There are 2 protein chains.
Amino acid sequence: MKSDNKQRALTQLQRRILSLDLAPGQALDEVVLCQQYGLSRTPLREVLQRLAGQGYVQLTMHRGAHVSSMDMVTMRNFFQTAPMVYAAISRLAVEHASADQLVTLKKIQMRFRRAVSNAAVADMVEQNHRFHEAIGEMAASPYLSPSLERLLIDHTRMSHRFYRSALSGANSQVDVACDQHDRLIAAIEKRCVSGAVAETLAHWELSRVEIDKYVQPDALPFDVLETADASESVG
Amino acid sequence: MKSDNKQRALTQLQRRILSLDLAPGQALDEVVLCQQYGLSRTPLREVLQRLAGQGYVQLTMHRGAHVSSMDMVTMRNFFQTAPMVYAAISRLAVEHASADQLVTLKKIQMRFRRAVSNAAVADMVEQNHRFHEAIGEMAASPYLSPSLERLLIDHTRMSHRFYRSALSGANSQVDVACDQHDRLIAAIEKRCVSGAVAETLAHWELSRVEIDKYVQPDALPFDVLETADASESVG
DNA sequence: GTCTGTCTTTTTGTATACATGTTGTATACT
DNA sequence: AGTATACAACATGTATACAAAAAGACAGAC
C-alpha cells in the first residue's frame, strides 16, 4: 500500500526536522526524498505541502522546500508567545482530558523517564515533544493547536542542548523537568486548573532560563585551562 | 502565466468560503474547480492542500475536500480562545506596526466605512476581515498568526448576520464597531498597548453579545402579529 | 419489504512525461 | 581583470494517463 509510504514520509520528515538531522534552513531535494521514501514526486510534494502547513518547512516558488529556519526575530516572538499559549493549552486540557488520553500521556511520560535514565538524548527530546503534543491533543482546540504545534517545533529543536546537559551534570535540570511532567499529569487528572497552569509556567520558566543561558552564556572563567567541561554543564 | 490562475484560485476560494457562498461542510469537486479556474488537477489539489493548512477546508482520505464545518464543539472553543488571541495580537501589533502597515490599515478602514454607508453587507464582511487580518500581519508572529487566521475564518463566517442587521436597524451596532476600529488604529499609532488591548476586548465583547443573541435569541413576544421585523433587528 | 452482497460508476490518488523557471558557468566584451 | 550576458544543466511546476478506492445501483435472498 502506497499511502503507508506517504504517512511514513510525513512522520519521518517531522522526526528528522525535530531531531535536527535536517538542519534549519536546509534545502530539501524532491527527487532524493522520492527515492528515500519510495514515492513519486506528486505525493511527495503533497507531503511537503502538509509539512509547510504545519510549519515544519517553508515553500518558495520555483525554489523548493527548505526546513523552517530559526532566526533572531522569531526567537523574540517565541518567548513572548509561548507561556501564554502553553498555559491556555493546559487550562483547556484540564477541561477536556479523557481517561484514554490520560493513559496515553502517562505512557509517554514513562518512556520519557526511561530515556532520561538511559541518558538517551535523542529519545528524551522526542518523548518530551510527544508529551506536550499529547497535552495539546487533550485541549482539543482547533484554534489554538496550530500555534502550539509551531511553538513545539522550535522549542523541541532548541531543547537538544538542554537534554544533552543531562549526560554530564549530576543534579541535572532534566530530572526537575521530569518531575514537573508528573505533577502536571496529576493536576490534569484531578481537574485542577490552577495547579496545571502553575506547573506549566514553572516548566516553561525552567526551559526559558536554560535557553537564555545559551543565547547569552555565562562569561568564560579567566582561568581558561579548567573550562573544558564547564561549557557542557551550561547546556 | 499559470501560477496566476493558481493564486487566483486560492484567493477566490478563500473569499467564497468566507462569504458563505461555499457553505460549511460543503463538498468541493476537484474537476469542477479545475474548469472554473483553468487549472489541471495537480495544481488545484495543491491549492486545496494549502487551504487545508490554513483551516479553510478539511481533507479526508479518498473522500476529497470539504469546507470546514462549524459545529457546537468548535463554537465553545472559539469563545474560549478568541479574546485571548485577539488581545495578544493587538499587543504585538502595537509593538511591531510599521508606518506602511498603518497606512494600509487606514485604507482598509476607509473601505470598510464606505461599505457601511453603502449598506453593502458582503463588502462590510470582507473589509472587516481584511482589517483584522492586517492587524495580524502587524503582529508579525509566526506562532500566533495561524491561530488568528483560523479564528478569523469562523468569526467572519459568523458575522454575516451581524452586518445584515445594519440594513434595517437605525442605531446599528455596526457603527459602534466602526468607531472601535478607528480607536484601535489610533491606539496602535500612539503605541498605546493598554488602549489597543482595551479597544480590542470591547470590540470582541460587542461581537460576542451579537453572536450570543443569535445562538440563544430573545423569546418571541406573545403577540406574534407584531414580530415581523423584530427578528431582523436581533441579527 | 428489507437487508445484503456484488457490479458499475464516479471520484480520488499516483506515476510519468513535458513545460517553465532558476542557477551556475563559460565566454566575450569593457 | 572584472563584469555582463548567453547558454547549458538542473530543479520545480503542470498536464494527463492510469490505478485504486469509495459511493451508488441493482438483484437476489431472507
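Chain A is the first sequence line, chain B the second, and so forth, proteins listed ahead of strands; every chain is numbered from 1. It should be emphasised that the depicted structure is a prediction, and the values quoted were computed from it without experimental measurement.
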* Asked: So, are Arg208(A) and Asp212(A) salt-bridged, with charged N and O less than 4.0 Å apart?
  -> yes

* **Interatomic distance where CG belongs to Leu33(B) and C1' belongs to dT11(C) [whole Å]** => 13 Å

* Which residues pass the salt bridge (charged side-chain N to carboxylate O under 4.0 Å, His left out) test with Asp21(B), sequence neighbours left out? -> Arg16(B)

* Min side-chain heavy-atom separation Asn77(A)-Leu92(B) under 4.5 Å -> yes

* **Nucleotide nearest Ser40(A) (side chain, heavy atoms from C-beta), chosen from dA11(D), dT16(C), dA21(D)** => dT16(C)

* **Nearest-angstrom distance from the residue atom CD of Gln49(A) to P of dT14(C)** => 14 Å

* To do: Nearest whole angstrom, please: distance from the P of dT14(C) to the CG of Asp4(A).
  => 11 Å

* dA15(C), dA15(D), dT12(C): which one has an atom nearest the side-chain heavy atoms of Pro43(A)? -> dA15(C)

* Asked: What is the distance from CG of Leu44(A) to C1' of dA11(D), rounded to the nearest Å?
  -> 14 Å

* Looking at the side chain of Arg45(A), which of dT16(C), dG13(C), dT12(D) is the nearest nucleotide? -> dT12(D)

* **Arg63(B) side-chain proximity, nearest of dT14(D), dA15(C), dA23(D)** => dA23(D)

* Asked: Picking from dA15(D), dT12(C), dG13(D), which would you name as closest to the side chain of Thr42(A)?
  -> dA15(D)

* In terms of the angle between their ring planes, are Tyr86(B) and Trp204(B) parallel, tilted or perpendicular, with boundaries placed at 30° and 60°? -> perpendicular

* Quick one: Leu39(B) CG to dT20(C) P, roughly how many Å, whole number? -> 15 Å

* Asked: Please give, in whole Å, the distance from dT12(C) C1' to Gln58(B) CD?
  -> 17 Å

* Between Glu46(A) and Asp29(B), name the one whose nearest nucleotide on DNA chain C is closer to the 5' end. => Asp29(B)

* Nearest whole angstrom, please: distance from the P of dT12(D) to the NE2 of His62(A). => 12 Å

* Structure fact -> Between CD of Glu30(B) and C1' of dT16(D) the distance, given in whole Å, is 14 Å

* Do Phe131(A) and Ile135(A) touch side chain to side chain, with heavy atoms closer than 4.5 Å? -> yes

